[in-house]
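Structure first, commentary second.
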Number of protein chains: 2
Amino acid sequence: MRLVIAQCQVDYTGRLTAHLPWARRLIIVKADGSVSVHADDRAYKPLNWMSPPCTLTEREPAADEAAAVSALDPQITTVWEVDSAGGDHLQILLGDISLDVTEELGVDPGLQKDGVEAHLQELLAENPDAFGEGWSVVQREYMTPIGPVDLLCRDAEGTYVAVEVKRRGEIDGVEQLTRYLDLMNRDHLLGDHVLGVFAAQQIKPQARTLATDRGISCLTVDYDALRGMDHPEERLF
Amino acid sequence: MRLVIAQCQVDYTGRLTAHLPWARRLIIVKADGSVSVHADDRAYKPLNWMSPPCTLTEREPAADEAAAVSALDPQITTVWEVDSAGGDHLQILLGDISLDVTEELGVDPGLQKDGVEAHLQELLAENPDAFGEGWSVVQREYMTPIGPVDLLCRDAEGTYVAVEVKRRGEIDGVEQLTRYLDLMNRDHLLGDHVLGVFAAQQIKPQARTLATDRGISCLTVDYDALRGMDHPEERLF
DNA sequence: CATTTTATGTCGCTT
DNA sequence: AAGCGACGTAAAATG
């Protein structure tokens with residue numbers, strides 16, 4: 001990884017065209033070939049960047065580039081040309097350089113995540129009581145011609161229930177579950193009428209309204225409480 | 001802006017829970033308060049981060065933290081605790097530090113963009129000939145009950161045409177235009193039959209197929225050529 | 001302030 | 001390679 005802090009002017013042409021006037025910025029060149037140009041804000045997002053695979057060429061400024069600089073602009077010390085396979089191009093004119101360090105980081109062991117939709121689905125599959133007394137899980141990822149239903153359950157009366165699990169419940173998810181229910185109820189393979197439950201950690205009011213309007217029950221899932229019901233020794237960390 | 005390269009172990013709890021084992025990484029602390037932890041890959045995306053507003057507290061390792069370290073783990077030199085208003089928390093244990101520099105960057109003049117959807121729409125509105133000889137623009141952002149149609153035009157015969165403009169033409173855009181056309185043709189306010197044109201810099205094959213199947217014409221827009229037809233002195237740069 | 005749309009979205013998985 | 005969905009999506013425009 002190479003870190004450069006320098007006065008720079010950046011021009012990007014690719015999916016769009018973008019221009020950065022002269023200013024002091026951080027430029028990161030990673031081992032994967034990526035180049036990103038950061039200001040001191042915008043959180044982790046760079047002002048401009050090039051994704052790998054791409055090649056970085058460092059060259060002396062051409063005579064006309066040096067001459068074209070106005071009195072207000074800094075002297076150009078180096079020009080970086082970054083080219084991607086897709087034809088995108090990033091040009092960085094470098095002026096005064098106040099930092100230029102290269103450090104070896106090695107391969108990263110990577111990020112361990114916990115608490116995404118898959119885990120929510122696992123937890124619900126292991127704790128169908130979260131839906132109600134006497135509920136059982138028939139199958140996870142129950143396949144239909146238009147995709148898998150997250151959970152197929154039966155309630156206390158033995159009626160089949162299709163459950164759509166989301167971390168954040170929005171209208172899209174209700175539409176998705178509606179399509180599944182339409183299909184499953186058309187086939188009559190699962191009895192007279194398959195019910196629907198929309199389960200999420202947080203359900204947007206619009207989604208709740210639409211679900212209710214379509215006879216779909218909503219369940220707001222408390223992830224931590226559910227995890228407490230689960231076997232704590234099975235957690236990742 | 002502060003740049004630190006160090007052995008570190010990171011734990012995040014917030015919308016999800018995530019853990020990074022010990023490894024050498026880059027840590028960026030920006031003037032906006034954000035903290036991000038980068039490996040030498042994943043392009044510009046950090047492994048873990050905290051968005052502003054948040055507070056960074058640097059402290060000595062507690063006795064038990066120092067004691068809990070196994071023989072294989074590095075000696076903990078410092079602990080960073082990053083807290084956001086929303087209750088998110090990022091803890092960074094720092095081991096050997098090989099770089100720790102702070103540089104003032106100042107305020108960035110910011111990014112100038114050109115070539116986004118809005119510009120495409122402007123250019124097409126100013127050059128309806130791009131659609132065909134004798135075309136005219138009736139209105140931009142023509143309102144319908146389900147949203148605005150990008151451009152309402154009339155072709156050489158005077159027939160109304162709804163134009164959907166996208167930078168990249170995908171199925172979603174065709175669906176959107178279809179909904180507009182259904183609505184407009186139901187009302188008969190704009191004559192017998194409103195035609196549709198799907199205009200984009202690049203149109204995905206599936207989108208083209210779907211559009212054609214629905215009787216919607218496709219127009220691949222050459223942004224540079226269109227800009228050439230436009231007044232060059234009005235360009236941003 | 002809440003909602004919708006855009007994004008050089010990115011990333012990972014499936015066909 | 002292209003399609004599809006999730007993301008700690010974020011950020012901007014809009015009502």
Side-chain angles (χ1 to χ4, degrees), chain A residues 10-19 32 34-37 41-52 54 82 84-90 110-111 113-121 141 146-148 150 164-173 175-176 200-202 204-207 209 223, chain B residues 10-18 34 36-37 41-52 54 82 84 86-90 111 113-121 141 143 146-148 150 165-168 170-173 176 201-202 204-210 223:
Chain A
V10 184
D11 281 283
Y12 167 78
T13 51
R15 282 178 264 191
L16 55 63
T17 304
H19 172 77
D32 62 2
S34 65
V35 179
S36 38
V37 181
D41 60 356
R42 291 169 178 78
Y44 69 74
K45 184 131 202 231
L47 290 162
N48 225 324
W49 71 93
M50 188 71 88
S51 301
C54 62
V82 189
S84 84
D88 291 18
H89 184 76
L90 188 71
L111 187 67
K113 285 185 182 184
D114 186 17
V116 277
E117 181 187 319
H119 293 118
L120 207 66
Q121 195 192 114
E141 303 287 350
I146 54 170
D150 289 337
E164 178 67 33
V165 180
K166 288 268 182 264
R167 204 172 48 75
R168 291 165 57 183
E170 296 177 31
I171 281 184
D172 283 358
E175 296 283 14
Q176 197 178 341
Q201 278 183 274
Q202 190 194 15
K204 292 269 178 93
Q206 281 200 342
T209 305
Y223 184 75
Chain B
V10 185
D11 281 283
Y12 167 77
T13 51
R15 281 178 262 192
L16 56 66
T17 304
S34 66
S36 37
V37 181
D41 59 357
R42 290 168 179 79
Y44 71 73
K45 186 127 201 239
L47 291 162
N48 225 324
W49 72 94
M50 188 71 89
S51 301
C54 61
V82 189
S84 83
D88 290 19
H89 184 77
L90 189 70
L111 185 69
K113 286 185 183 183
D114 187 15
V116 278
E117 181 185 318
H119 292 122
L120 246 156
Q121 194 191 117
E141 304 287 349
M143 279 307 300
I146 54 170
D150 288 338
V165 181
K166 287 270 180 262
R167 199 172 46 75
R168 292 165 61 183
E170 295 175 34
I171 282 184
D172 281 1
Q176 194 179 341
Q201 277 183 276
Q202 189 193 13
K204 292 270 178 93
Q206 280 202 342
R208 187 181 294 274
T209 305
L210 183 65
Y223 184 75

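We name chains A, B, ... by the order of the sequence lines, and we start the count at 1 in each one.
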Roughly, in whole Å, what's the span from [atom1] in [X] to [atom2] in [N]?
X      : N      : atom1 : atom2 : result
B:E141 : C:dT5  : CD    : C1'   : 12 Å
A:L16  : C:dT6  : CG    : P     : 15 Å
B:N48  : D:dC7  : CG    : P     : 16 Å
A:D32  : C:dT10 : CG    : P     : 13 Å
B:D41  : C:dT10 : CG    : P     : 16 Å
B:L120 : C:dT6  : CG    : P     : 13 Å
A:Q201 : D:dA6  : CD    : P     : 14 Å
B:K166 : C:dT8  : NZ    : C1'   : 16 Å

> Expressed in whole Å, how much space separates the P atoms belonging to C:dT8 and D:dG5?
Replying inline: 22 Å

>> Taking the C1' atom in each of D:dA11 and D:dC7, what is the distance between them to the nearest angstrom?
In response: 15 Å

> Quick one: side-chain hydrogen bond (donor to acceptor under 3.5 Å, both in side chains) partners of A:S34, sequence neighbours excluded?
Replying inline: A:D32

> With sequence neighbours left out, what residues match A:D88 under side-chain hydrogen bond (donor to acceptor under 3.5 Å, both in side chains)?
Replying inline: A:Y12

>> Any non-hydrogen side-chain atom of A:V10 less than 4.5 Å from a side-chain atom of A:L47?
In response: no

>> In the structure I gave you, are the side-chain heavy atoms of A:Q121 and A:E141 within less than 4.5 Å of one another anywhere?
In response: yes

> Can you tell me how far CG of A:D150 sits from CD of A:E164, rounded to the nearest 0.5 angstrom?
Replying inline: 4.0 Å

>> Once side-chain contact (heavy atoms from CB on, under 4.5 Å) is applied, do any residues pair with B:R208, and if so which ones, sequence neighbours excluded?
In response: B:I203, B:T212, B:C218, B:T220

>> Holding to side-chain contact (heavy atoms from CB on, under 4.5 Å), I want the full list of residues that pass it with B:T13, two or more places apart in sequence or in another chain.
In response: B:T17, B:H89

>> Is B:W49 close enough to D:dA10 that one of its side-chain N or O atoms is under 4.0 Å from OP1 or OP2 there?
In response: no

> Hey, is the side chain of B:R15 poking within less than 4.0 Å of OP1 or OP2 on D:dA10, counting only N and O atoms?
Replying inline: yes

Return the polar atom pairs (N/O with N/O) between nucleotides 1-4 of chain D and the protein under 3.5 Å, or none.
unit_1: D:dC4; atom_1: OP2; unit_2: B:Q206; atom_2: OE1; d: 3.4

Pairwise N/O distances under 3.5 Å, protein to nucleotides 11-15 of chain C:
unit_1: C:dC11; atom_1: OP1; unit_2: B:R42; atom_2: O; d: 3.4

